[in-house]
Structure formats: C-alpha cells, structure tokens
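Below is one structure; the comments refer to it alone.
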Amino acid sequence: MNFDYTDKVKDMRERLLAFMDAHIYPNEGRFFAEIAANRAQGNAWLPTKIIEELKPKARAAGLWNLFLPRSPRAPEGLSNLEYAPLCEIMGRVPFAAEVFNCSAPDTGNMETLERYASEDIKDEWLEPLLKGEFRSAFLMTEPEVASSDATNIQCRIERDGDDYVINGRKWWSSGAGDPRCAVYIVMGKTNPDAPRHSQQSMIVVPSNTPGIEVVRPLTVFGYDDAPHGHMEVVLKNVRVPARNLLLGEGRGFEIAQGRLGPGRIHHCMRSIGAAERALELMCKRLNSRVAFGKPISAQSVWHERIADARCRIEMARLLTLKAAYMMDTVGNKVAKAEIAMIKVVAPNMACDVIDMAIQAHGGGGVSDDFPLAYSYANQRTLRLADGPDEVHRQSIAKLELAKHILIKAEVDMPVTRGC
Ligand SMILES: Cc1cc2nc3c(=O)[nH]c(=O)nc-3n(C[C@H](O)[C@H](O)[C@H](O)COP(=O)(O)OP(=O)(O)OC[C@H]3O[C@@H](n4cnc5c(N)ncnc54)[C@H](O)[C@@H]3O)c2cc1C
C-alpha cells in the first residue's frame, strides 16, 4: 500500500490549505455570530450568508464535490484515498465541509442517488445537490424503536396505484431544519412479512410534500446545530410517485450498507482533522501559560498526554488510509472490517484528544470562546451516528471469529484436505 500523495493531491492540498487560511479560519467567528443574530431575532433556522458567499469561491478554486468517486456527473470527484487528506483538513472547522459541497448528510445522499437512482431522479435531485443549490436529509432513525438495528424500522411505505404512501415518525433527521433542505431519502417497510432483510425500501421524498411535519429540533449537549439541525419529522399519508422508490422494493438494507460505508469514512477523516486541531491548540495553550513558576507545558504529565495524542492520531490516520485504499481497490463490501474498525477508532480517539485539549485550556476549554467544546460535542455524536460503537465492534468480532471457525473445520477434515 502506497499512501504517498500524488502530484494532483499535493496541489489540491496546497490550494485547500490556502483557502482555509484565507476564508475559513478568519470567518469562524462570523459564522457563529450570524447564527446567534438569527437566533436573537427569533429564527436560528436561516442559512448563513457566509457559507453562501464562500461556496462560489470554493467552486472557482476547483475545491468542489471532491468526495464523489467515479461519477460522470462530478468529474472533479477523487478516490477515497485521494480525498482522505483533503477531507481531514476540512474537518478542522465544523462548517468547512459545506463550503466545498462535501458535508453530511448531503454527501451520503448524493452517493446514494448516484449509485441507486434512475436517470430521471438523478436529473431532478442529484444535479441540484451537486451544484449546491439545495440540501437534503436522510430519514432512517425512529424514536419508538432501537434503530441501531435497522430491521426494527416501523415506517410504512405502501403501494397505492402509481404512488407510494408513507406513514411514520423519524428523529435525528440531520439537515431537515435547514430551509434549503428540499429532499429526503426515507427508509421504511414496503413488506413487513418479507424475510427480515428484505422488508425495507428507500424512497425519495420532496420535503414540501403534503403530510410532512417537522415537529421539533433536537439538541446535542444543548447545541441546536442550526441552521441544519437534527429534526423530529412526522410523515402522515405522504404520497409520492412510485418512480421515486430507489432500486426496487425490499432493497433498502442493501442501499443502507452501500450508503453508510463512504459516509462513515468521511466522518473519520474529519475526526482526524478535529483531533489534529485540538492537539495544536493544546500545545499552543500549554506553551503560553505559566503555573507554579514554569510553563504548564514543562509538566511531565502533559508530555505523556501530548505523546499519546500524537501516537493515536497517527494510528487512526493510517487505519483510515488503509480503509480508503481498500474501498478503492477491493470495494466497500470487502473493506467492511476496516470501515467498521475506523468507525470505532477515529471518533473515540478524537473525543479523547479533544478532552485533553479542553483540560489544557482550563475553564476556557468548556466555553465557546474556544472551538473545543463544540468540537467535542460533534465528535461524541459520532460514537452513535451511523451506528453505535458496539454494533461496529460486533461486526469486527464476528468477522474475526469466523476466521477461526474455518480453521477448525479444516482441522476436522484432514483427509479431505489431503486429497
Ligand atoms: C447528532 C446525530 C445525528 C444523527 N443523524 C442522523 C440522520 O441524519 N439520519 C438518521 O436516520 N439517523 C441519524 N442519527 C441517529 C443515529 O444513527 C442513531 O442514534 C444510532 O443509529 C443509534 O440508534 P438509536 O438512537 O435508536 O439507539 P438504540 O438502537 O436504541 O441503541 C442504544 C444503545 O444500545 C447499545 N447497543 C445497540 N446495539 C447493541 C449491540 N449489538 N451490542 C451492544 N450494545 C448495543 C448501544 O450502546 C447504543 O448506543 C443521528 C444521531 C445523532 C446523535
């Protein structure tokens, strides 16, 4: 495996770093100030002007839709391995990915439409998403059932003539708070009597369809994540044309697996960026403050923590690159162990490193005067979103155990093997 940056990636990396310095870091304060001003005027759910101003600049700089590999509709898309170091840089600032049209859940939704939608649906919904003209949400999780087991999903999608009619209640629908959110991909059951993994389907639903009610925003440790938010959404007799069903009835589980692989690794790439930034802030703070007669950075306990942070970031980055390389070369299905491993490793690592950085900042660390508290809140959710740690660990363990079942079978059949 060769993880050297190609000349193309080196060049894009330089351009991205320059863009971050010129446009992203200097506007961090403005982004949050705009949301605070909107909130003070009674509506936090308005798009920020700063993101809309920066999007054309990112596009002009050739830093647009980099996440989508192998799509004729997005020729600028990179392989997962090429994208990894760039996505990591975007992850240093929570809102940055949107500026480059590389933010969740749009990226996962675009990838789903690219892989599984008809050309008509792609023209209608994928094209404007690729242009950054509106946003999207993915509605799978439900308040009533343990949704980490997707076979529990209760939402009904029932055929009625040329339409499907949808009834259900979803929550944690990220992005559904944004007034620009024009389309949902909804997971529900078309046939509750089919075999367990063939009951679910996915369907494209315009967000202005009658019967949809966005009930309330949820908060993450008190943050509402405006303007995209995480919404509870009720769907009552929501009617959409049958052609909006993706791939076919009963294929929702298959699509979910295909969708979540790339989405997961993108989160992990950004987690590494968030951890790198936390380590940088931690070192600067510890060097700049004196306690008990010497810089805090001179205390050996901080040497231990800084060294630990550096080791764990490097390990997580290498595993992310390995997973990205495998996704590119042998496909998401064969790379499933590596995708599951990095989905456990990266957010846990990032949470621990950010936690150390918060400690290094003293009281300031838990305030919003520094980006650490919000970054911690974001990273902590990734131990749940796209599947909780335990479920990924379970997949890794099953694959590991299966290897040894095979060996036992071989040991039990020495004669057959000898022939
Ligand atoms: C900020 C945020 C954004 C999100 N965005 C979206 C989104 O856009 N769209 C969407 O559909 N969903 C979204 N989610 C939902 C997320 O994917 C679910 O919360 C997650 O899949 C877990 O489902 P659940 O909440 O129903 O937990 P449950 O399924 O009730 O699980 C609760 C806990 O049980 C434990 N558990 C579960 N299975 C096992 C097991 N096999 N072994 C041991 N322990 C286990 C775990 O500790 C788990 O955390 C988001 C969540 C958050 C926090």
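Atoms within a ligand are numbered from 1 in the order they appear, just like the ligands themselves.
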Next item on the list: Give the contacting part of Asp149 toward ligand 1: side chain, backbone, both or neither, where contact means a heavy-atom distance below 4.0 Å.
Entry: neither
Notebook entry, point to check: Taking heavy atoms and a distance under 4.0 Å, where does Asp386 meet ligand 1: side chain, backbone, both or neither?
Noted result: backbone
Next item on the list: Show which atoms of ligand 1 fall inside a sub-4.0 Å distance from at least one heavy-atom site of Val145.
Entry: 26 (O)
Check: Counting from 1, what ligand 1 atoms have a heavy atom of Phe138 closer than 4.0 Å?
Finding: 7 (C), 8 (O), 9 (N), 10 (C), 11 (O)
Which residue and atom name correspond to the protein heavy atom nearest [atom], and how close is it?
atom: atom 10 (C) of ligand 1; result: Thr141 OG1, 3.3 Å
atom: atom 41 (N) of ligand 1; result: Gln394 OE1, 3.3 Å
atom: atom 4 (C) of ligand 1; result: Ser174 OG, 3.5 Å

Notebook entry, point to check: Between His230 and His228, what is the ring plane arrangement, given parallel below 30°, perpendicular above 60°, and tilted in between?
Noted result: perpendicular
Checklist line | Chi angles and distances behind the salt bridge (Lys or Arg N to Asp or Glu O under 4.0 Å) call for Glu52, Arg180 | finding: CA-CA 11 Å; Glu52 295 309 314; Arg180 295 166 302 171; 2.4 Å; yes
Check: Below 6.0 angstrom between ring centroids: does that apply to Tyr374 and Tyr223?
Finding: yes
Are any of the N or O atoms of [X] closer than 3.5 Å to those of ligand 1?
X: Pro388; result: no
X: Glu142; result: no
X: Met140; result: yes
X: Ser147; result: yes
X: Trp172; result: yes
X: Ser173; result: no

Notebook entry, point to check: So, for atom 8 (O) of ligand 1, does the protein have a heavy atom nearer than 4.0 Å?
Noted result: yes
Check: Are any non-hydrogen protein atoms located under 4.0 Å from atom 32 (C) of ligand 1?
Finding: no
Margin query: Checking Ser271 against Gln379: is there a side-chain donor and acceptor pair closer than 3.5 Å?
Written below: yes
Check: Under a 4.0 Å N-O cut-off, is there an ion pair linking Arg70 with Glu114?
Finding: no
Note to self: Closer than 4.0 angstrom, basic N to acidic O: yes or no for Lys57 and Glu53?
What the structure shows: no
Note to self: Show, in sequence, the C-alpha distance, side-chain angles and deciding distance for Asp149 and Thr151, and conclude whether the side chain to side chain donor-acceptor pair (under 3.5 Å) test is met.
What the structure shows: CA-CA 5 Å; Asp149 176 356; Thr151 63; 2.6 Å; yes
Check: Is there side-chain contact between Phe3 and Tyr325, with at least one heavy-atom pair below 4.5 Å?
Finding: yes
Notebook entry, point to check: Hey, are the side chains of His392 and Met341 touching, using non-hydrogen atoms and a 4.5 Å cut-off?
Noted result: no
My understanding is that we take every heavy atom of each candidate and find the minimum distance to [atom]. Doing that for [options], which one comes out nearest?
atom: atom 49 (O) of ligand 1; options: Leu384, Thr381, Val391, Asn378; answer: Leu384
atom: atom 29 (O) of ligand 1; options: Ser395, Ala137, Ser148; answer: Ser148
atom: atom 42 (N) of ligand 1; options: Met187, Glu390, Lys170; answer: Glu390

Taking distance alone, no hydrogens or angles, what donor-acceptor pairs closer than 3.5 Å link side-chain atoms of residues 342-357 to residues at least two apart or in another chain?
unit_1: Lys343; atom_1: NZ; unit_2: Leu382; atom_2: O; d: 2.4
unit_1: Lys343; atom_1: NZ; unit_2: Ala385; atom_2: O; d: 3.0
unit_1: Lys343; atom_1: NZ; unit_2: Gly387; atom_2: O; d: 3.4
unit_1: Asn348; atom_1: OD1; unit_2: Arg383; atom_2: NE; d: 3.0
unit_1: Asn348; atom_1: ND2; unit_2: Val344; atom_2: O; d: 2.7
unit_1: Asn348; atom_1: ND2; unit_2: Asp389; atom_2: OD2; d: 3.0
unit_1: Asp352; atom_1: OD2; unit_2: Arg312; atom_2: NH1; d: 2.8
unit_1: Asp352; atom_1: OD2; unit_2: Arg312; atom_2: NH2; d: 3.0

Notebook entry, point to check: Does Ser288 use its side chain to pair, donor to acceptor, with the backbone of Lys284 at less than 3.5 Å?
Noted result: yes
